[in-house]
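Worksheet: one structure, shown below.
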Amino acid sequence: MKKALLMTPGPSQVPPQVLQAMAEPIFHHRTAEYKELQSEVTERLKRIFFSSGEVVVLAASGTGAMEASVVNVLGGGRKGLSLEGGKFGQRWGDICQAFGYECERVEIEWGKAANPAVVAERLAANKSIAAVYATLVETSTGVENDIRAIGEAVAGTDAILVVDGISGAGGSELRFDDWGVDILVVGSQKALMMPPGLALAVVSEKARKLIETADRQAYYFDLKKALDKAADSDTPYTPANTLVRALATSLRMIEGEGIEAVFARHRLLAEAMRAGAQALGMKIFAERPAAVVTAIELPESIDGSALSKLLEKKFAVKVAGGQEHLKGRILRVAHMGYCSPSDVIVALSALEMALAELGAKVEPSAAVKAAEAVFARA
Ligand SMILES: *Cc1c(COP(=O)(O)O)cnc(C)c1O
């Protein structure tokens, strides 16, 4: 028997109600029943993202919607500007490169946030930039970027702002219309409390105009086709209707709690996780730490992969290690979606026990105590 606690930044824990929704009999998608479902999901997504844009639901992992946001926008002399502060930011530039699109890649030191002033400078210097590609939560470093400020730099230019909100959206605060986001990309398996398999793209009117006139190198991921169908709560190809039904369930739960309360819960979980790690003498890697995931810098003496293995083997707590040059150096603990204070307490308790077992000098229960203090104040 293994009762596991999944604290990775995707996939994340899925509530039983959502799992149950997927166990219902399969139904046909060219029906009024499906249209009603897609319409409900669309309206709920618009509300939780504060968006008046149109919503496209794709059967893909999050990266599918990232690719769609490149191939439906760039080309024909239109250039991209990608803000790359980690593995996922780099993906924007990599997608552009894979299709041969021109892209100015702004390299940001891992752990630091994107600088909105740089965005304003680059846009002023190069009028052929049609789209700025940013990341809400850079999951590889635990940084939450200031999308509102980046949006201010893009507003008033002809460029659109495309945001990878795959890990953050639905947990970290994001206000699509007010912050000037034009395309928001989301994946189902992160803060939306869903299994992997759905990718969402929320598209503003400004982005839609750009898409309609683009030299779209896409067939399955043709966003114009998908947007035209979405206007009638439909899809060009077979939707993953089982997952869409599960999404309706998870969105009812999110709206039942209230999106502002969901944001506040994530901020609180993050604060407790940081307090716990700091009580063990460890630093937080991100300069602007995210509400949905915490990257913890490990002491020199600790091998990160041995720590992750021990956490999984002995305590059944699954967290993520570092990627690329951060491999073995950081631990990434997610607190996104279906996550409560008790999950954070359990994860911190396992962390301090595992660290002690690996020989780190940690005060027993210090992390749990610090996290409890945060929850007690709330
Ligand atoms: C998880 C993640 C992705 C990748 O999504 P897939 O669903 O694996 O395609 C992209 N960007 C960010 C910020 C992520 O956290």
Side-chain angles (χ1 to χ4, degrees), residues 6-14 49 56-71 80 82-98 105-106 108 110-114 132-147 150 161-174 181 183-202 220-221 240 243 246-247 250 266 270 285-286 288-295 318-324 326 330-337 339:
L6 188 60
M7 300 278 280
T8 52
S12 62
Q13 301 183 76
V14 178
F49 299 142
V56 167
V57 183
L58 299 163
S61 83
T63 306
M66 291 177 76
E67 182 171 318
S69 307
V70 173
V71 300
S82 62
L83 310 175
E84 307 189 1
K87 200 165 170 61
F88 295 106
Q90 285 174 348
R91 189 163 295 179
W92 283 127
D94 291 348
I95 295 170
C96 291
Q97 207 171 340
R105 306 180 70 152
V106 178
I108 301 154
W110 286 35
K112 301 274 184 279
V132 176
Y133 292 95
T135 313
L136 171 60
V137 173
E138 175 48 72
T139 317
S140 63
T141 64
V143 167
E144 188 161 319
N145 283 300
D146 190 347
I147 298 300
I150 295 169
L161 173 59
V162 184
V163 176
D164 167 359
I166 294 174
S167 67
S172 287
E173 183 179 355
L174 181 111
V181 179
I183 301 181
L184 172 68
V185 173
V186 189
S188 54
Q189 78 276 27
K190 312 253 172 144
L192 292 182
M193 317 193 290
M194 287 273 297
L198 286 185
L200 313 170
V202 187
Y220 183 70
F221 285 141
L243 287 171
L247 181 59
S250 89
H266 282 85
F285 184 70
R288 215 173 173 277
V292 291
V293 60
T294 299
K318 180 79 176 157
V319 299
Q323 292 162 297
E324 312 269 325
L326 296 177
I330 62 167
L331 202 66
R332 294 176 302 138
V333 187
H335 24 82
M336 53 174 64
C339 187

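Start at 1 with the first residue, then count along the sequence. Order of appearance sets the numbers: ligands from 1, and atoms from 1 within every ligand.
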Could you tell me which atoms of ligand 1, counted from 1 in the order shown, lie closer than 4.0 angstrom to a heavy atom of Lys190?
1 (C), 2 (C), 3 (C), 14 (C), 15 (O)

Of the non-hydrogen atoms in Pro9 and Val293, which two are nearest, and what is the gap between them?
CB-CG2, 4.1 Å

Residues Thr135 and Ile147: closest non-hydrogen pair is O-CD1, 3.8 Å

Tell me, with the steps shown, if Leu136 and Ser172 meet side chain to side chain contact (heavy atoms under 4.5 Å, CB included).
CA-CA 8 Å; Leu136 171 60; Ser172 287; 4.3 Å; yes

Is the shortest distance from a heavy atom of Ser61 to ligand 1 less than 4.0 Å?
yes

Numbered atoms of ligand 1 (with element) below 4.0 Å of Thr139, judged on heavy atoms
12 (C), 13 (C), 14 (C), 15 (O)

If you count the atoms of ligand 1 from 1 in the order shown, which ones are under 4.0 Å from a heavy atom of Val137?
13 (C)

Would Arg91 count as a contact of ligand 1 if the rule is a heavy atom under 4.0 Å away?
yes

Is there any N or O on Thr135 that sits under 3.5 Å from an N or O of ligand 1?
no

Write out the residue and atom name of the closest protein heavy atom to atom 11 (N) of ligand 1, then the distance separating them to 0.1 Å.
Asp164 OD2, 2.6 Å

Below 4.5 Å, heavy atoms only, C-beta onward: do Val186 and Phe49 meet side chain to side chain?
yes

Hey, is Thr63 touching ligand 1 through its side chain, its backbone, both or neither, going by heavy atoms under 4.0 Å?
both

State, yes or no, whether a side-chain contact exists between Arg105 and Asp94 at a heavy-atom distance under 4.5 Å.
yes

Considering all heavy atoms, the nearest Leu83-Ala134 contact:
CD1-CB, 4.0 Å

Any heavy-atom pair between the side chains of Val162 and Trp92 that's under 4.5 Å?
yes

I need the atoms of ligand 1 closer than 4.0 Å to a non-hydrogen atom of Gly62, numbered in the order shown.
6 (P), 7 (O), 9 (O)

